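Taking it in order: structure first as C-alpha coordinates, then the write-up.
Keep in mind it's a predicted model, so treat the numbers as computed, not measured. Reckoned from all heavy atoms, side chains included, excluding hydrogens, waters and symmetry mates.
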Amino acid sequence: MDTEAQLQAHIAQWRGYVQRHRAISVADVDEMEDHLREQVSTLQDAGLAGDEAFLVAVKRMGSLDAISREFAREHSERLWKQLVLLPTESEDAERQGNRELLVVLALAVGAALSLKAGFAWLKDSAIAVNVSLLVLPFLAGYFAWKRQITAKVAAALVVPFVLAALVLNLYPFESGGTTEVIAAIHAPIALWFVVGLAYVGGDWRSERRRMDFIRFTGEWFVYLTLLALGGGVLIGLTVGAFETLDLRIEPVIEDWVLPFGAAGAVIVAAWLVEAKQNVVENIAPVLTRVFTPLTIVMLLALLAAFATTRSVIDVDRTLLILMDLILVLVLGLLLYSISARDPLAPPGLFDRVQLVLVISALAVDVVMLAAMLTRIAEFGSTPNKVVALGMNVVLLVNLVWSVRLQVGFLRGRKGFADLERWQTHYLPVYGSWAAAVVIAIPLAFDFV
(Lines give C-alpha, C1' and ligand atoms only; values in the text may rest on other atoms or scores of the structure.)
Protein backbone atom coordinates (compact mmCIF):
# COMPACT_ATOMS: atom_id res chain seq x y z
CA MET A 1 0.00 0.00 0.00
CA ASP A 2 1.47 3.42 -0.99
CA THR A 3 1.77 6.40 1.36
CA GLU A 4 -1.39 8.18 0.16
CA ALA A 5 -3.47 5.01 0.49
CA GLN A 6 -2.16 4.49 4.02
CA LEU A 7 -3.08 8.07 4.93
CA GLN A 8 -6.63 7.65 3.57
CA ALA A 9 -6.97 4.36 5.50
CA HIS A 10 -5.91 6.08 8.74
CA ILE A 11 -8.38 8.93 8.21
CA ALA A 12 -11.17 6.44 7.46
CA GLN A 13 -10.33 4.54 10.65
CA TRP A 14 -10.44 7.78 12.67
CA ARG A 15 -13.79 8.75 11.13
CA GLY A 16 -15.28 5.34 11.89
CA TYR A 17 -14.04 5.56 15.47
CA VAL A 18 -15.66 8.98 15.98
CA GLN A 19 -19.00 7.88 14.53
CA ARG A 20 -18.99 4.64 16.50
CA HIS A 21 -18.21 6.09 19.91
CA ARG A 22 -20.85 8.80 20.19
CA ALA A 23 -24.04 10.13 18.64
CA ILE A 24 -22.86 12.74 16.16
CA SER A 25 -24.28 14.00 12.90
CA VAL A 26 -22.65 13.29 9.58
CA ALA A 27 -22.21 17.03 9.05
CA ASP A 28 -20.27 17.36 12.28
CA VAL A 29 -18.04 14.44 11.33
CA ASP A 30 -17.45 16.00 7.91
CA GLU A 31 -16.44 19.26 9.55
CA MET A 32 -14.07 17.49 11.92
CA GLU A 33 -12.62 15.48 9.03
CA ASP A 34 -12.04 18.67 7.01
CA HIS A 35 -10.19 20.16 9.96
CA LEU A 36 -8.11 17.01 10.31
CA ARG A 37 -7.23 17.00 6.61
CA GLU A 38 -6.18 20.68 6.77
CA GLN A 39 -3.86 19.83 9.65
CA VAL A 40 -2.40 16.87 7.73
CA SER A 41 -1.89 18.95 4.60
CA THR A 42 -0.13 21.71 6.54
CA LEU A 43 2.18 19.21 8.22
CA GLN A 44 2.94 17.51 4.90
CA ASP A 45 3.85 20.89 3.40
CA ALA A 46 6.23 21.27 6.33
CA GLY A 47 8.02 18.09 5.25
CA LEU A 48 6.36 15.32 7.27
CA ALA A 49 5.37 12.02 5.68
CA GLY A 50 1.69 11.09 5.47
CA ASP A 51 1.72 8.73 8.48
CA GLU A 52 3.71 11.19 10.56
CA ALA A 53 1.43 14.08 9.59
CA PHE A 54 -1.69 12.07 10.47
CA LEU A 55 -0.35 11.11 13.89
CA VAL A 56 0.60 14.67 14.80
CA ALA A 57 -2.71 16.03 13.46
CA VAL A 58 -4.74 13.57 15.54
CA LYS A 59 -2.69 14.53 18.60
CA ARG A 60 -3.54 18.18 17.96
CA MET A 61 -7.20 17.34 17.42
CA GLY A 62 -7.13 15.64 20.81
CA SER A 63 -6.69 19.01 22.50
CA LEU A 64 -10.02 20.10 21.02
CA ASP A 65 -12.11 16.94 20.99
CA ALA A 66 -12.39 14.20 23.65
CA ILE A 67 -13.12 11.45 21.13
CA SER A 68 -10.07 12.29 19.03
CA ARG A 69 -8.02 12.37 22.21
CA GLU A 70 -9.19 8.88 23.11
CA PHE A 71 -8.47 7.69 19.56
CA ALA A 72 -4.97 9.11 19.74
CA ARG A 73 -4.37 7.46 23.10
CA GLU A 74 -5.48 4.03 21.84
CA HIS A 75 -3.78 4.14 18.45
CA SER A 76 -0.61 6.19 18.92
CA GLU A 77 1.53 3.27 20.01
CA ARG A 78 0.50 1.19 17.00
CA LEU A 79 1.03 4.10 14.61
CA TRP A 80 4.47 4.87 15.96
CA LYS A 81 5.41 1.23 15.55
CA GLN A 82 4.32 1.44 11.93
CA LEU A 83 6.45 4.53 11.41
CA VAL A 84 9.66 3.02 12.77
CA LEU A 85 9.10 -0.63 11.78
CA LEU A 86 12.00 -1.98 9.78
CA PRO A 87 11.51 -4.63 7.08
CA THR A 88 13.28 -7.24 9.21
CA GLU A 89 10.99 -6.45 12.12
CA SER A 90 7.97 -6.83 9.85
CA GLU A 91 9.23 -10.24 8.79
CA ASP A 92 9.71 -11.17 12.45
CA ALA A 93 6.13 -10.14 13.19
CA GLU A 94 4.88 -12.28 10.32
CA ARG A 95 6.86 -15.27 11.57
CA GLN A 96 5.46 -14.69 15.06
CA GLY A 97 1.94 -14.68 13.63
CA ASN A 98 2.59 -17.94 11.79
CA ARG A 99 4.03 -19.47 14.94
CA GLU A 100 0.96 -18.41 16.92
CA LEU A 101 -1.32 -19.97 14.32
CA LEU A 102 0.56 -23.25 14.63
CA VAL A 103 0.25 -23.12 18.42
CA VAL A 104 -3.49 -22.43 18.14
CA LEU A 105 -4.02 -25.32 15.75
CA ALA A 106 -2.00 -27.67 17.98
CA LEU A 107 -4.02 -26.67 21.05
CA ALA A 108 -7.30 -26.98 19.12
CA VAL A 109 -6.38 -30.50 18.03
CA GLY A 110 -5.28 -31.30 21.59
CA ALA A 111 -8.61 -30.09 23.00
CA ALA A 112 -10.49 -32.12 20.37
CA LEU A 113 -8.51 -35.29 21.13
CA SER A 114 -9.03 -34.72 24.85
CA LEU A 115 -12.79 -34.41 24.36
CA LYS A 116 -12.84 -37.46 22.09
CA ALA A 117 -10.92 -39.47 24.70
CA GLY A 118 -13.38 -38.33 27.34
CA PHE A 119 -16.30 -39.63 25.30
CA ALA A 120 -14.48 -42.95 24.83
CA TRP A 121 -13.27 -43.53 28.39
CA LEU A 122 -15.76 -41.82 30.69
CA LYS A 123 -19.21 -43.01 31.60
CA ASP A 124 -22.12 -41.14 30.08
CA SER A 125 -23.01 -39.47 33.37
CA ALA A 126 -19.41 -38.28 33.90
CA ILE A 127 -18.91 -36.75 30.46
CA ALA A 128 -21.05 -33.67 31.08
CA VAL A 129 -19.36 -33.04 34.43
CA ASN A 130 -15.88 -33.22 32.89
CA VAL A 131 -16.40 -31.39 29.59
CA SER A 132 -14.92 -28.14 30.89
CA LEU A 133 -11.92 -30.01 32.31
CA LEU A 134 -11.31 -31.61 28.92
CA VAL A 135 -11.30 -28.36 26.92
CA LEU A 136 -10.69 -25.23 29.01
CA PRO A 137 -7.11 -26.14 30.12
CA PHE A 138 -6.07 -25.85 26.46
CA LEU A 139 -7.63 -22.40 26.22
CA ALA A 140 -5.87 -21.34 29.41
CA GLY A 141 -2.67 -22.79 27.96
CA TYR A 142 -3.04 -20.61 24.86
CA PHE A 143 -3.23 -17.43 26.90
CA ALA A 144 -0.46 -18.62 29.22
CA TRP A 145 1.77 -19.06 26.15
CA LYS A 146 0.69 -15.78 24.55
CA ARG A 147 1.10 -13.70 27.74
CA GLN A 148 4.37 -15.47 28.67
CA ILE A 149 3.26 -15.91 32.26
CA THR A 150 5.61 -16.62 35.14
CA ALA A 151 6.00 -19.99 36.82
CA LYS A 152 4.06 -18.67 39.82
CA VAL A 153 1.08 -17.74 37.67
CA ALA A 154 1.32 -21.06 35.83
CA ALA A 155 1.07 -22.90 39.15
CA ALA A 156 -1.92 -20.75 40.10
CA LEU A 157 -3.60 -21.87 36.88
CA VAL A 158 -2.89 -25.58 37.37
CA VAL A 159 -4.17 -25.78 40.95
CA PRO A 160 -7.86 -24.90 40.24
CA PHE A 161 -8.05 -27.39 37.38
CA VAL A 162 -6.57 -30.14 39.56
CA LEU A 163 -8.93 -29.34 42.45
CA ALA A 164 -11.90 -29.28 40.08
CA ALA A 165 -10.89 -32.65 38.63
CA LEU A 166 -10.66 -34.16 42.13
CA VAL A 167 -13.99 -32.74 43.28
CA LEU A 168 -15.93 -33.62 40.13
CA ASN A 169 -14.57 -37.17 39.89
CA LEU A 170 -14.24 -38.19 43.55
CA TYR A 171 -17.60 -36.93 44.72
CA PRO A 172 -20.03 -39.90 44.82
CA PHE A 173 -22.71 -38.25 42.70
CA GLU A 174 -25.93 -40.14 42.16
CA SER A 175 -25.93 -40.88 38.43
CA GLY A 176 -28.10 -38.28 36.73
CA GLY A 177 -28.90 -36.72 40.10
CA THR A 178 -29.66 -33.06 40.72
CA THR A 179 -26.34 -32.19 42.34
CA GLU A 180 -24.43 -33.79 39.49
CA VAL A 181 -26.32 -31.62 36.98
CA ILE A 182 -25.70 -28.54 39.11
CA ALA A 183 -21.98 -29.30 39.26
CA ALA A 184 -21.86 -29.84 35.49
CA ILE A 185 -23.46 -26.42 34.92
CA HIS A 186 -21.37 -24.42 37.40
CA ALA A 187 -17.96 -26.03 36.89
CA PRO A 188 -17.42 -24.35 33.47
CA ILE A 189 -18.38 -20.98 34.99
CA ALA A 190 -15.86 -21.33 37.81
CA LEU A 191 -13.12 -22.57 35.46
CA TRP A 192 -13.82 -19.75 32.99
CA PHE A 193 -12.43 -17.37 35.61
CA VAL A 194 -9.28 -19.48 35.70
CA VAL A 195 -9.05 -18.87 31.95
CA GLY A 196 -9.53 -15.20 32.81
CA LEU A 197 -6.50 -15.33 35.10
CA ALA A 198 -4.46 -16.62 32.16
CA TYR A 199 -5.97 -13.99 29.87
CA VAL A 200 -4.85 -11.12 32.09
CA GLY A 201 -1.40 -12.68 32.48
CA GLY A 202 -1.88 -13.12 36.21
CA ASP A 203 -2.61 -9.41 36.74
CA TRP A 204 -6.09 -9.98 38.13
CA ARG A 205 -5.92 -6.86 40.33
CA SER A 206 -5.87 -4.59 37.30
CA GLU A 207 -9.30 -3.08 36.64
CA ARG A 208 -8.38 -2.43 33.02
CA ARG A 209 -7.36 -6.05 32.47
CA ARG A 210 -10.57 -7.31 34.10
CA MET A 211 -12.60 -5.13 31.76
CA ASP A 212 -10.56 -6.47 28.86
CA PHE A 213 -11.55 -9.97 29.97
CA ILE A 214 -15.23 -8.97 30.08
CA ARG A 215 -14.88 -7.60 26.57
CA PHE A 216 -13.08 -10.72 25.43
CA THR A 217 -15.81 -12.95 26.89
CA GLY A 218 -18.52 -11.17 24.92
CA GLU A 219 -16.50 -11.11 21.72
CA TRP A 220 -15.50 -14.75 22.15
CA PHE A 221 -19.15 -15.72 22.51
CA VAL A 222 -20.00 -13.82 19.31
CA TYR A 223 -17.27 -15.58 17.36
CA LEU A 224 -18.11 -18.97 18.84
CA THR A 225 -21.75 -18.52 17.85
CA LEU A 226 -20.75 -17.54 14.32
CA LEU A 227 -18.47 -20.56 14.05
CA ALA A 228 -21.24 -22.83 15.35
CA LEU A 229 -23.77 -21.45 12.88
CA GLY A 230 -21.34 -21.69 9.99
CA GLY A 231 -20.31 -25.19 10.99
CA GLY A 232 -23.93 -26.26 11.29
CA VAL A 233 -24.72 -25.02 7.79
CA LEU A 234 -21.63 -26.74 6.38
CA ILE A 235 -22.47 -30.03 8.09
CA GLY A 236 -26.07 -29.85 6.87
CA LEU A 237 -24.98 -29.28 3.27
CA THR A 238 -22.41 -32.07 3.49
CA VAL A 239 -24.92 -34.57 4.90
CA GLY A 240 -27.44 -33.60 2.23
CA ALA A 241 -24.86 -34.05 -0.53
CA PHE A 242 -23.90 -37.52 0.71
CA GLU A 243 -27.55 -38.52 1.05
CA THR A 244 -28.06 -37.83 -2.64
CA LEU A 245 -25.35 -40.47 -3.22
CA ASP A 246 -27.16 -42.93 -0.88
CA LEU A 247 -24.31 -42.65 1.66
CA ARG A 248 -24.92 -42.07 5.38
CA ILE A 249 -22.18 -40.15 7.12
CA GLU A 250 -24.15 -39.24 10.27
CA PRO A 251 -22.08 -41.65 12.43
CA VAL A 252 -18.86 -39.97 11.26
CA ILE A 253 -20.35 -36.55 11.98
CA GLU A 254 -21.45 -37.55 15.48
CA ASP A 255 -18.30 -39.47 16.44
CA TRP A 256 -15.61 -37.23 14.96
CA VAL A 257 -16.72 -33.98 13.33
CA LEU A 258 -18.88 -32.64 16.16
CA PRO A 259 -16.41 -33.35 19.01
CA PHE A 260 -13.47 -31.98 17.02
CA GLY A 261 -15.43 -29.00 15.78
CA ALA A 262 -16.85 -28.05 19.19
CA ALA A 263 -13.58 -28.34 21.10
CA GLY A 264 -11.52 -26.75 18.34
CA ALA A 265 -13.94 -23.83 17.98
CA VAL A 266 -13.38 -22.86 21.63
CA ILE A 267 -9.67 -22.29 20.93
CA VAL A 268 -10.03 -20.87 17.42
CA ALA A 269 -12.69 -18.35 18.54
CA ALA A 270 -10.30 -17.03 21.20
CA TRP A 271 -7.54 -16.69 18.61
CA LEU A 272 -9.89 -14.84 16.24
CA VAL A 273 -10.82 -12.37 18.98
CA GLU A 274 -7.15 -11.72 19.67
CA ALA A 275 -6.34 -11.30 15.99
CA LYS A 276 -9.45 -9.43 14.80
CA GLN A 277 -10.54 -7.26 17.70
CA ASN A 278 -11.37 -4.22 15.57
CA VAL A 279 -13.96 -6.22 13.62
CA VAL A 280 -15.90 -7.19 16.76
CA GLU A 281 -15.71 -3.62 18.12
CA ASN A 282 -18.10 -2.74 15.30
CA ILE A 283 -20.45 -5.60 16.23
CA ALA A 284 -20.62 -5.09 20.01
CA PRO A 285 -22.47 -1.73 20.08
CA VAL A 286 -24.95 -2.98 17.48
CA LEU A 287 -25.73 -6.12 19.46
CA THR A 288 -26.29 -4.25 22.71
CA ARG A 289 -28.48 -1.60 21.08
CA VAL A 290 -30.64 -4.19 19.33
CA PHE A 291 -31.14 -6.63 22.20
CA THR A 292 -31.43 -4.17 25.10
CA PRO A 293 -34.82 -2.71 24.02
CA LEU A 294 -36.11 -6.16 23.09
CA THR A 295 -35.11 -7.52 26.49
CA ILE A 296 -36.85 -4.61 28.23
CA VAL A 297 -40.09 -5.43 26.42
CA MET A 298 -39.74 -9.08 27.40
CA LEU A 299 -39.09 -8.23 31.07
CA LEU A 300 -42.06 -5.87 31.27
CA ALA A 301 -44.31 -8.48 29.66
CA LEU A 302 -43.16 -11.07 32.19
CA LEU A 303 -43.81 -8.67 35.07
CA ALA A 304 -47.32 -8.11 33.72
CA ALA A 305 -47.81 -11.87 33.50
CA PHE A 306 -46.62 -12.26 37.09
CA ALA A 307 -49.15 -9.64 38.17
CA THR A 308 -51.96 -11.83 36.87
CA THR A 309 -50.77 -14.78 38.99
CA ARG A 310 -52.81 -15.10 42.15
CA SER A 311 -49.99 -16.59 44.22
CA VAL A 312 -46.24 -16.83 43.76
CA ILE A 313 -46.47 -20.41 45.00
CA ASP A 314 -48.44 -21.30 41.88
CA VAL A 315 -45.64 -20.12 39.59
CA ASP A 316 -44.37 -23.02 37.52
CA ARG A 317 -40.88 -24.26 38.37
CA THR A 318 -39.85 -24.20 34.71
CA LEU A 319 -40.80 -20.54 34.51
CA LEU A 320 -38.55 -19.76 37.46
CA ILE A 321 -35.64 -21.45 35.71
CA LEU A 322 -36.31 -19.53 32.51
CA MET A 323 -36.47 -16.28 34.46
CA ASP A 324 -33.07 -17.00 35.95
CA LEU A 325 -31.67 -17.49 32.46
CA ILE A 326 -33.21 -14.18 31.38
CA LEU A 327 -31.55 -12.41 34.29
CA VAL A 328 -28.22 -13.89 33.24
CA LEU A 329 -28.89 -12.52 29.74
CA VAL A 330 -29.51 -9.09 31.24
CA LEU A 331 -26.23 -9.31 33.13
CA GLY A 332 -24.45 -10.18 29.90
CA LEU A 333 -26.02 -7.22 28.09
CA LEU A 334 -25.05 -4.91 30.94
CA LEU A 335 -21.43 -6.05 31.03
CA TYR A 336 -21.12 -6.08 27.25
CA SER A 337 -22.56 -2.57 26.87
CA ILE A 338 -20.27 -1.20 29.57
CA SER A 339 -17.21 -2.78 27.96
CA ALA A 340 -18.18 -1.42 24.51
CA ARG A 341 -19.03 2.13 25.64
CA ASP A 342 -16.70 5.09 25.33
CA PRO A 343 -16.04 6.10 28.98
CA LEU A 344 -15.46 9.75 27.99
CA ALA A 345 -18.81 10.23 26.26
CA PRO A 346 -21.51 12.16 28.15
CA PRO A 347 -24.77 10.46 29.19
CA GLY A 348 -27.04 9.75 26.25
CA LEU A 349 -30.34 8.16 25.34
CA PHE A 350 -28.96 4.63 25.40
CA ASP A 351 -27.70 5.13 28.96
CA ARG A 352 -31.28 5.90 29.99
CA VAL A 353 -32.51 2.84 28.12
CA GLN A 354 -29.86 0.82 29.93
CA LEU A 355 -31.17 2.14 33.25
CA VAL A 356 -34.69 0.99 32.34
CA LEU A 357 -33.28 -2.45 31.55
CA VAL A 358 -31.52 -2.74 34.91
CA ILE A 359 -34.56 -1.48 36.86
CA SER A 360 -36.81 -3.95 35.03
CA ALA A 361 -34.39 -6.78 35.77
CA LEU A 362 -34.25 -5.69 39.41
CA ALA A 363 -38.05 -5.83 39.66
CA VAL A 364 -38.06 -9.31 38.11
CA ASP A 365 -35.33 -10.41 40.49
CA VAL A 366 -37.33 -9.24 43.52
CA VAL A 367 -40.40 -11.14 42.30
CA MET A 368 -38.25 -14.21 41.75
CA LEU A 369 -36.80 -14.01 45.25
CA ALA A 370 -40.28 -13.70 46.75
CA ALA A 371 -41.47 -16.72 44.77
CA MET A 372 -38.46 -18.84 45.76
CA LEU A 373 -38.59 -17.94 49.44
CA THR A 374 -42.31 -18.69 49.50
CA ARG A 375 -41.85 -22.06 47.79
CA ILE A 376 -38.99 -23.00 50.14
CA ALA A 377 -41.09 -22.07 53.17
CA GLU A 378 -44.04 -24.06 51.81
CA PHE A 379 -42.35 -27.14 50.36
CA GLY A 380 -38.86 -27.18 51.85
CA SER A 381 -35.46 -26.68 50.24
CA THR A 382 -33.92 -28.59 47.35
CA PRO A 383 -30.53 -28.20 45.65
CA ASN A 384 -32.09 -26.37 42.70
CA LYS A 385 -33.99 -23.97 44.94
CA VAL A 386 -30.95 -23.13 47.06
CA VAL A 387 -28.75 -22.56 44.01
CA ALA A 388 -31.37 -20.41 42.29
CA LEU A 389 -31.95 -18.42 45.47
CA GLY A 390 -28.24 -17.79 45.93
CA MET A 391 -27.78 -16.76 42.31
CA ASN A 392 -30.65 -14.29 42.55
CA VAL A 393 -29.15 -12.77 45.69
CA VAL A 394 -25.80 -12.36 43.92
CA LEU A 395 -27.54 -10.70 40.97
CA LEU A 396 -29.69 -8.56 43.28
CA VAL A 397 -26.66 -6.97 44.92
CA ASN A 398 -25.14 -6.15 41.54
CA LEU A 399 -28.36 -4.77 40.09
CA VAL A 400 -29.14 -2.57 43.12
CA TRP A 401 -25.72 -0.96 43.11
CA SER A 402 -25.71 -0.66 39.32
CA VAL A 403 -29.00 1.27 39.46
CA ARG A 404 -27.53 3.60 42.07
CA LEU A 405 -24.41 4.27 40.00
CA GLN A 406 -26.31 4.68 36.72
CA VAL A 407 -28.71 7.19 38.27
CA GLY A 408 -25.73 9.08 39.65
CA PHE A 409 -24.07 9.06 36.24
CA LEU A 410 -27.19 10.37 34.48
CA ARG A 411 -27.51 13.15 37.06
CA GLY A 412 -23.86 14.08 36.71
CA ARG A 413 -22.97 13.07 40.27
CA LYS A 414 -20.96 9.99 39.27
CA GLY A 415 -18.57 9.26 36.47
CA PHE A 416 -19.01 6.35 34.11
CA ALA A 417 -15.74 5.00 35.49
CA ASP A 418 -17.52 4.35 38.81
CA LEU A 419 -20.01 2.00 37.12
CA GLU A 420 -17.23 0.33 35.16
CA ARG A 421 -15.14 -0.09 38.33
CA TRP A 422 -18.06 -1.63 40.22
CA GLN A 423 -18.58 -4.30 37.57
CA THR A 424 -14.88 -5.22 37.46
CA HIS A 425 -14.70 -5.39 41.26
CA TYR A 426 -17.82 -7.55 41.45
CA LEU A 427 -16.62 -9.95 38.77
CA PRO A 428 -14.83 -12.38 41.15
CA VAL A 429 -18.09 -12.83 43.10
CA TYR A 430 -19.58 -14.80 40.20
CA GLY A 431 -16.59 -17.11 40.00
CA SER A 432 -16.53 -17.60 43.78
CA TRP A 433 -20.25 -18.37 43.82
CA ALA A 434 -19.92 -20.94 41.04
CA ALA A 435 -17.00 -22.63 42.82
CA ALA A 436 -18.94 -22.68 46.09
CA VAL A 437 -21.90 -24.30 44.34
CA VAL A 438 -19.72 -27.05 42.84
CA ILE A 439 -18.05 -27.82 46.18
CA ALA A 440 -20.71 -27.18 48.83
CA ILE A 441 -24.11 -28.01 47.32
CA PRO A 442 -23.38 -31.71 46.66
CA LEU A 443 -22.06 -32.06 50.22
CA ALA A 444 -25.07 -30.28 51.70
CA PHE A 445 -27.55 -32.54 49.90
CA ASP A 446 -25.73 -35.87 50.11
CA PHE A 447 -24.86 -35.93 46.37
CA VAL A 448 -28.45 -36.71 45.32
Side-chain angles (χ1 to χ4, degrees), residues 104 107-145 154-171 173 175-200 204 213-214 216-221 223-225 227-228 258-271 273 324-325 328 331-332 383 387 391 427-443 447:
V104 168
L107 289 171
V109 172
L113 292 174
S114 173
L115 186 61
K116 180 62 178 175
F119 278 108
W121 298 337
L122 296 175
K123 297 179 180 179
D124 292 341
S125 60
I127 292 175
V129 174
N130 285 278
V131 164
S132 56
L133 287 171
L134 298 172
V135 177
L136 291 185
F138 293 90
L139 182 57
Y142 165 61
F143 288 120
W145 172 83
L157 293 175
V158 171
V159 170
F161 283 111
V162 172
L163 291 178
L166 293 175
V167 168
L168 294 175
N169 291 282
L170 294 182
Y171 272 9
F173 292 110
S175 180
T178 302
T179 57
E180 185 179 53
V181 174
I182 289 174
I185 294 173
H186 289 81
I189 299 174
L191 294 177
W192 185 253
F193 286 89
V194 183
V195 173
L197 180 62
Y199 179 86
V200 302
W204 189 250
F213 177 60
I214 292 175
F216 161 78
T217 300
E219 295 170 355
W220 173 84
F221 182 77
Y223 268 120
L224 189 65
T225 302
L227 289 173
L258 289 180
F260 271 71
V266 171
I267 312 298
V268 172
W271 171 68
V273 172
D324 280 339
L325 294 177
V328 172
L331 174 64
V387 171
M391 185 187 73
L427 198 61
V429 175
Y430 302 116
S432 301
W433 166 247
V437 167
V438 173
I439 296 172
I441 293 299
L443 290 171
F447 309 102

So CG of Asn130 and CG of Leu122: to nearest 0.5 Å the spacing works out to 5.5 Å
Just so I know, are the side chains of Leu107 and Trp145 near enough to count as touching, which here means a heavy-atom distance under 4.5 Å? no
For Tyr142, which of Val266, Val104, Val195 qualifies under side chain to side chain contact (heavy atoms under 4.5 Å, CB included)? Val104
Say you draw a straight line from CG of Leu191 to CG of Leu139; how long is it, rounded to the nearest 0.5 Å? 11.0 Å
Smallest heavy-atom separation, Pro188 atom then Leu136 atom, equals O-CD1, 4.0 Å
About how many Å separate CG of Leu115 and CZ of Phe138, when rounded to the nearest 0.5 Å? 10.0 Å
Picking from Phe161, Tyr199, Phe221, Trp220, what satisfies ring-ring contact (aromatic ring centres under 6.0 Å, His included) with Trp192? Trp220
Got a second to check how far Phe447's CZ is from Ser175's OG, nearest 0.5 Å? 15.0 Å
For the rings on Phe213 and Phe143, is their centre-to-centre separation under 6.0 Å? no
Taking all heavy atoms of Gly176 and all of Val181, pick out the closest pair and write down the distance. O-CG2, 4.4 Å
Can you name the closest pair of heavy atoms from Ala190 and Ala435 and give their distance? CB-N, 3.8 Å
Set out, in order, the CA-CA distance, both residues' side-chain angles and the distance that settles side-chain contact (heavy atoms from CB on, under 4.5 Å) for Leu427 and Trp204, then state yes or no. CA-CA 11 Å; Leu427 198 61; Trp204 189 250; 4.0 Å; yes
Could you pull out the closest heavy-atom pair between Val438 and Ala187, with the gap in Å? CG2-N, 3.6 Å
CE (Met391) and CH2 (Trp433) are apart, to the nearest 0.5 Å, by 9.0 Å
Taking every non-hydrogen atom, the tightest pair across Phe173 and Val167: CE1-O, 4.3 Å
Closest non-hydrogen contact found for Leu133 with Ala164 is CD2-CB, 3.9 Å
For the backbone of Ile439 and the side chain of Tyr171, can you confirm whether one donor and one acceptor N or O come within less than 3.5 Å of each other? yes
Gap separating the NE2 atom of His186 from the OG1 atom of Thr179, nearest 0.5 angstrom: 12.5 Å
